[in-house]
Amino acid sequence: MASGDRDDQRFVEIIGVPIEAGAGHPGALMGPAALRTAGLVRALRELGHEVRDLGDLGRGDLTPAPWSEGDAATARLAEITAWSRALADRSYAMMQAGGVPVFLGGDHSLSMGSVTGVARHCRETGKPLFVLWLDAHGDFNTPHTSPSGNMHGMPVALLCGEDGFDNVFPPEQRATVNPAHVHLFGIRSLDPGERRLLRARGVDVVDMRLIDEHGVGVHMRRIIERVRQAGGHLHVSLDVDFLDPAIAPAVGTAVLGGATYREAHLIMEMLHDAGVVGSLDVVELNPFLDERGKSALLLADLVASLFGRRIIDPAVTQSQIGGQAV
């Protein structure tokens with residue numbers, strides 16, 4: 001796909017978050033490097049955007065978390081807490097800079113930090129925050145409901161203020177998301193405990209059954225219109241397992257029956273045209289499980305679509321070719 005002169009250039013800041021402590025399989029910490037190798041940064045620059053790559057958040061940015069030494073699960077929680085606090089501060093600063101933050105992961109626990117920083121900024125500016133969670137899973141488990149204990153299955157619950165996460169953020173950092181403003185999209189695997197919580201909290205869940213019946217366009221238009229009417233900021237969190245594993249195998253939590261190539265691109269194209277996206281996560285890419293980089297390349301293409309790559313300007317489709325409208 002190609003694009004011509006554009007009038008929608010953005011200032012984009014990119015940061016890698018090489019964390020895998022929240023996942024059950026090693027390898028996600030290599031995700032940021034794979035996305036850069038796949039040309040994500042180059043693609044955004046070719047679209048005319050001003051792009052600043054801030055490198056990766058490193059262990060030197062972390063501060064010890066307030067968890068005592070103990071078993072492996074406690075150690076992982078301490079590590080995730082440290083990452084989350086450091087990323088929440090960086091995310092908030094990136095929002096303050098006025099650009100579009102893009103967070104490259106790393107497992108999905110990184111969204112605890114990225115979205116918290118965005119939520120803090122939106123609270124201070126009075127802009128309603130909406131979250132579009134493109135994922136096979138609901139990620140609404142808590143430490144009390146999770147069958148696995150892996151925290152990449154808990155970030156939405158933390159962001160919505162569920163119990164069990166009191167020590168992750170100090171009061172000055174903590175900022176939550178209204179559960180009614182969360183849209184889980186492409187869901188096809190929920191645990192019993194999170195299913196009950198999602199119903200109780202009124203979270204919007206668009207599972208693959210609804211997508212099969214109505215198509216992605218109907219549901220995306222509804223979500224986009226909600227954000228527009230509220231004058232809101234939309235944070236998009238894209239998990240590799242949202243996609244069908246046949247086209248994106250590089251994930252440790254693959255679930256059959258995911259979004260197709262064209263469904264995923266249509267979502268990104270619609271979001272770009274709506275102009276409501278203000279921040280983005282790209283998570284759970286595990287290059288160790290990929291096939292010749294196909295998952296990383298697809299993700300880079302999807303991000304490019306979100307930032308405006310298209311075959312032809314929509315206005316051109318109304319032109320006359322050979323005297324006939326097309």
Side-chain angles (χ1 to χ4, degrees), residues 11-23 26-37 40-41 44 50-70 72-124 129 139 150-152 154-155 158-159 165-177 235-239 278-287 303:
F11 169 47
V12 182
E13 286 194 314
I14 294 173
I15 189 166
V17 190
I19 178 175
E20 63 182 20
L29 62 80
M30 299 183 289
L35 288 166
R36 291 185 176 100
T37 301
L40 185 149
V41 176
L44 297 183
E50 179 187 351
V51 182
R52 179 185 301 163
D53 188 348
L54 303 177
D56 287 352
L57 197 68
R59 293 188 175 273
D61 300 296
L62 312 184
T63 55
W67 303 92
S68 59
E69 293 297 326
T74 301
R76 286 197 301 272
L77 182 56
E79 182 177 355
I80 292 165
T81 297
W83 279 102
S84 297
R85 292 183 175 192
L87 185 54
D89 281 342
R90 186 64 67 90
S91 171
Y92 175 74
M94 292 166 76
M95 287 296 299
Q96 295 287 88
V100 181
V102 177
F103 306 95
L104 307 180
D107 74 67
H108 220 156
S109 68
L110 74 83
S111 297
M112 296 179 176
S114 63
V115 182
T116 293
V118 172
R120 180 182 168 195
H121 173 80
C122 288
R123 182 181 64 196
E124 292 179 358
L129 173 61
D139 292 349
N150 292 328
M151 289 194 72
H152 68 171
M154 305 184 197
L158 175 142
L159 294 168
F165 306 100
D166 294 343
N167 291 334
V168 175
F169 293 109
E172 64 271 17
Q173 276 191 319
R174 192 174 300 125
T176 58
V177 180
H235 178 93
V236 176
S237 198
L238 172 60
D239 189 313
S279 47
L280 171 69
D281 303 324
V282 184
V283 303
E284 294 288 348
L285 176 65
N286 187 332
V303 174

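Every value quoted in this text rests on a predicted model; they were computed, and no experiment measured them.
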remark   = Heavy-atom nearest pair, Pro101 first then Met95, reads CG-SD, 3.6 Å
Interatomic distance, Leu158 atom CG to Ser84 atom OG [nearest 0.5 angstrom] = 7.0 Å
ask   = Atom OG1 in Thr176, atom CG in Leu159: separation rounded to 0.5 Å?
value = 9.0 Å
message = Applying salt bridge (charged side-chain N to carboxylate O under 4.0 Å, His left out) to Arg36 and Asp56, what does each step give before you reach the verdict?
response = CA-CA 11 Å; Arg36 291 185 176 100; Asp56 287 352; 2.8 Å; yes
task = Might you point out which heavy atoms bring Pro32 and Gly106 nearest each other, and give the distance in Å?
result = CD-N, 3.8 Å
ask   = Would you say the side chain of Arg52 lies within less than 4.5 Å of the side chain of Phe11, judging by non-hydrogen atoms?
value = yes
request  = Determine whether Ile14 and Leu44 make a side-chain contact, defined as any pair of heavy atoms from C-beta on separated by less than 4.5 Å.
outcome  = yes
request  = Verify whether one side chain among His108 and Asp281 offers a donor that lies under 3.5 Å from an acceptor in the other.
outcome  = no
ask   = How far apart are the closest heavy atoms of Ala34 and Leu285, and which atoms are they?
value = CB-CD2, 3.8 Å
key: Val283 side chain reached by Leu238 side chain, heavy atoms, under 4.5 Å   = no
key: Atom pair CZ (Phe103) and OG (Ser279), whose distance is rounded to the nearest 0.5 Å   = 6.5 Å
Contact check, side chains of Val100 and Leu280, non-hydrogen atoms, under 4.5 Å = no
query = Does NZ or CZ of Arg174 lie under 6.0 Å from the centre of the six-membered ring of Phe169, at an angle within 45° of the ring axis?
reply = no
key: side chain to side chain contact (heavy atoms under 4.5 Å, CB included) between Leu87 and Leu57, worked out   = CA-CA 8 Å; Leu87 185 54; Leu57 197 68; 4.0 Å; yes
query = Under 3.5 Å, side chain of Asp53 to main-chain N/O of Val41, donor-acceptor pair present?
reply = no
Salt bridge flag under 4.0 Å for residues Glu20 and Arg76 = no
ask   = Going by distance alone, is a donor N or O of one side chain under 3.5 Å from an acceptor N or O of the other, for Ser91 and Ser114?
value = no
Note, Val115 side chain near Val177 side chain (heavy atom, < 4.5 Å) = yes
ask   = Rounded to the nearest 0.5 Å, what separation is found between the CG atom of Leu104 and the CG atom of Leu40?
value = 6.0 Å
task = Show your reasoning for whether side chain to side chain contact (heavy atoms under 4.5 Å, CB included) applies to Tyr92 and Gln173.
result = CA-CA 9 Å; Tyr92 175 74; Gln173 276 191 319; over 6 Å; no
request  = Go through the steps to decide whether Asp139 and Met154 satisfy the test side chain to side chain contact (heavy atoms under 4.5 Å, CB included), and finish with yes or no.
outcome  = CA-CA 5 Å; Asp139 292 349; Met154 305 184 197; over 6 Å; no
task = Nearest 0.5 Å please: distance from the CE atom of Met151 over to the CD1 atom of Ile80.
result = 5.0 Å
message = So, taking the atom named OG1 in Thr81 and the one named CD in Glu79, what distance separates them when rounded to the nearest 0.5 Å?
response = 10.0 Å
note = When every non-hydrogen atom of Asn150 is compared with those of Gly22, the smallest separation belongs to CB-O, 3.3 Å
key: Backbone of Ala86 reached by a side-chain donor or acceptor of Asp89 within 3.5 Å   = no
query = Going through the checks in order, is the side chain to side chain contact (heavy atoms under 4.5 Å, CB included) test met by His235 and Leu129?
reply = CA-CA 7 Å; His235 178 93; Leu129 173 61; 4.2 Å; yes
ask   = So do the side chains of Glu13 and Val102 get within less than 4.5 Å of each other, counting heavy atoms only?
value = no
ask   = Ser109 and His152: side-chain donor and acceptor closer than 3.5 Å?
value = no
